[in-house]
Amino acid sequence: MKKLIVILIVFAVMVGAMTGEIVYVNKFYNGIQADLENIEISINANEQHVANNDTVALCQALSDKWEKGKTNLLMLQNHNTVRNFDDKIICLLKVVKSDNYNDAVIFVSSAINYIDDVLLDSMPYLSNIF
C-alpha cells in the first residue's frame, strides 16, 4: 500500500510539472507573438523608414525579453527550436536597424510563422503523440 501511495505522489508531481511547463512555454511564446505582431504593424506603418525609433525600440524590447527567457526555454524545449528562433530575432533586429523594409517584412512574418509552429508542437494533441 505504501508503494502505491509513493507511486501516486510521484505521478502527481510529474503531471503537475508537465502542466506547469506547458503553461509557461505557451504564455511566454504568446507574449513573444504579440510583440512580433506589434513590430509587424510598426514596420508596415513606417514603410519608408523602418529604422525609426519606435520600431527599433520594439525590436530591442523583444530581443531583451527573449534573452531573459531563453535560458529557461533551453531547459524545457528542444535546443534547435530555441536556437533557430534566436537566429530569427537577431536577424530581425539587425535588418530593422539597417532600414531594409523588404527584409524586415520577411523576417517578422517568418518569426510569426515559426512561433505558430512552435505553439502547435508544444501542446500535447493526440496527433503529436502518435
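Computed from heavy atoms alone, side chains included, the values below leave out hydrogens, waters and symmetry copies.
- Remark: the backbone N or O of Asn26 is paired with a side-chain donor or acceptor of Asn30 at under 3.5 angstrom.
- We find the OG-NZ distance between Ser63 and Lys68 to be 11.0 Å, quoted to the nearest 0.5 Å.
- The structure places CZ of Arg83 at 9.5 Å from NZ of Lys70, a figure rounded to the nearest 0.5 Å.
- In this structure, CD1 on Ile41 lies 11.5 Å from CG on Asn46, to the nearest 0.5 angstrom.
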Stepwise side chain to side chain contact (heavy atoms under 4.5 Å, CB included) check, Asp116 with Gln33: CA-CA 8 Å; Asp116 286 338; Gln33 188 174 31; 2.4 Å; yes
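- In this structure, CD1 in Ile7 is found 14.5 Å from NZ in Lys2, a value given to the nearest 0.5 Å.
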Intermediate values then yes/no, side chain to side chain contact (heavy atoms under 4.5 Å, CB included), Trp66 and Leu73: CA-CA 10 Å; Trp66 173 252; Leu73 290 176; 3.5 Å; yes
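- A 6.0 Å sphere centred on CG of Asn53 holds no more than 12 heavy atoms belonging to other residues, nucleotides or ligands.
- Atom CD1 of residue Ile43 and atom CD1 of residue Ile106 lie 11.0 Å apart, to the nearest 0.5 angstrom.
- Shortest non-hydrogen contact noted between Ser42 and Asn52 is OG-OD1, 4.5 Å.
- Annotation for Cys59 and Val96: closest pair SG-CG2, 3.8 Å, computed over non-hydrogen atoms.
- Nearest approach of Val118 to Gln77, heavy atoms of both residues: CG1-NE2, 3.8 Å.
- Ile39 pairs with exactly one of Leu62, Asp54, Leu93 by the side-chain contact (heavy atoms from CB on, under 4.5 Å) rule, that one being Leu62.
- Counting non-hydrogen atoms of neighbouring residues, nucleotides and ligands closer than 6.0 angstrom, the NE2 atom of His49 exceeds 12 such neighbours.
- In the hydrophobic cluster analysis, where Ile, Leu, Val, Met, Phe, Trp and Tyr join through side-chain heavy atoms closer than 4.5 angstrom, Leu74 is grouped together with Leu76.
- Between Asn84 and Asp86 there is no side-chain heavy-atom pair separated by less than 4.5 Å.
- A donor-acceptor pair under 3.5 Å links the side-chain atoms of Ser98 to the main chain of Val95, judged by distance alone.
- A donor-acceptor pair is defined here as one N or O able to donate and one able to accept, closer than 3.5 Å; such a pair exists between the side chain of Ser109 and the backbone of Val105.
- A donor atom on one side chain and an acceptor atom on the other are not found under 3.5 Å apart for Asn113 and Ser110.
- For the atom pair Leu36 CG and Leu92 CG, the distance stands at 7.0 Å (nearest 0.5 Å).
- No side-chain heavy atom of Leu58 sits less than 4.5 Å from a side-chain heavy atom of Asp35.
- A heavy-atom distance below 4.5 Å is not found between the side chains of Val50 and Lys97.
- Within the cation-pi definition used here (under 6.0 Å to the ring centroid, within 45° of the axis), Lys88 does not qualify as a partner of Phe107.
- By the side-chain hydrogen bond (donor to acceptor under 3.5 Å, both in side chains) test, Asn44 pairs with Tyr101, sequence neighbours left out.
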Side-chain donor/acceptor pairs under 3.5 Å, residues 11-24, sequence neighbours excluded:
{"unit_1": "Thr19", "atom_1": "OG1", "unit_2": "Val15", "atom_2": "O", "d": "2.8"}
{"unit_1": "Tyr24", "atom_1": "OH", "unit_2": "Asn72", "atom_2": "ND2", "d": "3.1"}

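- Residues Tyr114 and Asn80 come closest through the heavy atom pair OH-O, 4.1 Å.
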